[in-house]
Each structure stands twice: as structure tokens, then as C-alpha cells.
Amino acid sequence: DAGITQSPRYKITETGRQVTLMCHQTWSHSYMFWYRQDLGHGLRLIYYSAAADITDKGEVPDGYVVSRSKTENFPLTLESATRSQTSVYFCASIPGGFGPGTRLLVL
Amino acid sequence: KQEVTQIPAALSVPEGENLVLNCSFTDSAIYNLQWFRQDPGKGLTSLLLIQSSQREQTSGRLNASLDKSSGRSTLYIAASQPGDSATYLCAVNESGGYQKVTFGTGTKLQVIP
């Protein structure tokens with residue numbers, strides 16, 4: 001099926017651990033994005049990518065790392081997870097749309 | 001910094017009622033405005049996109065209007081149905097570049113049968 005997939009859909013981890021959230025698109029859209037959604041804040045942009053090997057920071061990039069070695073994949077890594085990174089993470093591509101989200105709980 | 005506000009945060013209406021959802025933004029120099037629907041546990045689905053030069057867009061029972069000078073947009077839903085129950089978000093694009101999009105916090109709509 002065409003679209004954007006995210007994995008895992010749910011993740012529980014502990015403070016200080018490294019976590020990688022995966023995002024895969026079945027098209028070849030150039031632009032891809034990572035957002036986090038928190039109560040009272042709406043969606044906030046973490047990182048975006050205009051093409052393979054081109055990434056840039058969004059509004060809230062601290063504590064996150066991204067890579068884009070292939071056009072279809074855009075993984076997001078939390079280098080050392082903190083409780084404040086508990087959130088719902090959405091990947092998106094333009095013009096494809098949004099993935100279903102990953103719900104991350106950091107204990 | 002652009003701020004996008006959606007009031008009310010939650011709304012409950014009986015089936016069949018026409019309703020209006022509001023979105024306000026602080027900086028009127030926008031490129032476009034988009035309305036999304038978000039179902040529980042799901043991602044965002046685009047409903048309507050209004051360019052800055054447009055006043056409104058329509059899709060089926062949905063009509064979105066844009067008044068840049070007053071910093072407001074409304075989403076009108078006609079003859080609401082239980083299936084319309086979801087959270088509705090507006091997003092303002094300031095530059096045409098996708099990295100300059102500010103989302104509102106949404107209005108959670110419940111349509112009661």
C-alpha cells in the first residue's frame with residue numbers, strides 16, 4: 001500500500017537510552033518532516049529534509065538527530081531520551097501527508 | 001513569531017446541526033492556510049487548503065474561509081454527522097516553504113447522534 005509508515009507505533013523507554021523512530025514513504029517525495037505533538041502546543045517541527053542527504057533544524061531540534069541516506073527513509077533518533085521527550089511523533093512528506101504517529105513514553 | 005489559536009478547544013453538537021470552527025493567527029503575512037482532521041490514534045488528513053489570494057474553499061459539506069486582514073479563518077461544517085467527530089486543526093504557512101508552518105492546538109468536535 002502506498003503511503004507513509006512509522007515504526008514502532010508505541011514505544012516505552014527509560015531516561016538516557018537511545019531510541020530511533022523510523023519513517024518510510026512509498027513514493028519518492030523530496031520533502032519529509034518530523035513533528036511532535038503535545039497537549040497545549042499543537043504540532044511543532046523537529047527536523048525536515050528537502051532531499052536525500054539534506055536536512056535542517058526545525059523549531060525544537062535539541063536532543064534529536066536525523067539522517068536521510070535514502071529518499072524513502074527518514075529516521076529520527078533521540079540520542080539520550082529525557083522525560084520531556086514523551087510525546088506523539090509524526091512523520092510527514094509533501095505532498096503525501098502524515099504518517100499514523102509513534103507514541104513514545106520515556107520513564 | 002506566528003501564533004495560531006483555535007477556540008473552543010472542544011465542542012459538542014447534536015447531529016444535523018451546522019457548525020463553525022474558528023482559527024485565528026497573529027501575523028497576517030501568510031502564504032496559505034490549511035485545515036486538517038485528526039482521528040484518535042491517527043495522523044492528520046488534509047481537508048482544505050486556502051491560498052492567501054483566496055477567500056474560501058469548498059469540499060462537499062465543508063467550507064473554509066480566510067480573512068487575512070483580521071487574521072481569521074473559519075471552517076463551516078453543514079449538516080454535521082457522527083462521523084465528523086474528530087479533532088480539527090488549522091495550520092498557517094508563512095513563506096511557502098514547508099518549514100514555516102505553525103499549527104493550532106485544535107478543536108475537538110463531538111457530534112451526538
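Hydrogens, waters and symmetry mates play no part in the numbers below; they use all other heavy atoms, side chains included. Numbered from 1 within each chain, the chains take letters A, B, ... in sequence-line order.
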Just wondering, are more than 12 heavy atoms of other shown residues or ligands nearer than 6.0 Å to [atom1] in [X]?
X: B:Arg61; atom1: CZ; answer: yes
X: A:Leu39; atom1: CG; answer: no
X: A:Arg9; atom1: CZ; answer: yes
X: B:Ile112; atom1: CD1; answer: yes

What part of B:Gln38 is in contact with chain A, defined as an atom under 4.5 angstrom from a non-hydrogen atom: side chain, backbone, both or neither?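 Side chain only.
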
Under a 4.5 Å cutoff for heavy-atom pairs, which residue among B:Leu44, B:Thr102, B:Thr105, B:Thr45 has the most contacts with chain A?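 Among B:Leu44, B:Thr102, B:Thr105, B:Thr45, the one with the most close pairs to chain A is B:Leu44.
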
Shared ILVMFWY cluster between A:Leu104 and A:Val66, side chains joined below 4.5 angstrom?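 Result: yes, single cluster for both.
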
hydrophobic_cluster_shared for A:Phe33 and B:Val101, side chain cutoff 4.5 Å: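 Linked within one cluster.
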
Restricting to non-hydrogen atoms, name the atom on B:Lys42 and the atom on A:Arg103 that form the minimum distance, rounded to 0.1 Å.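 Scanning both residues, the minimum pair turns out to be N-NH2, 3.9 Å.
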
Below 4.0 angstrom, N of the basic side chain to O of the carboxylate: do B:Lys100 and A:Glu59 qualify?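 No, B:Lys100 and A:Glu59 are not salt-bridged.
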
Enter the distance from A:Gln37:CD to B:Leu89:CG here, rounded to the nearest 0.5 Å.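 Between A:Gln37 CD and B:Leu89 CG, I get 6.5 Å after rounding to 0.5 Å.
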
Side chain, backbone, both or neither: which part of A:Arg44 has a heavy atom under 4.5 Å from chain B?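 For A:Arg44, neither part sits under 4.5 Å from chain B.
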
Under 4.5 Å from a heavy atom of chain B, the part of A:Leu43 involved: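 A:Leu43 touches chain B through backbone and side-chain heavy atoms alike.
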
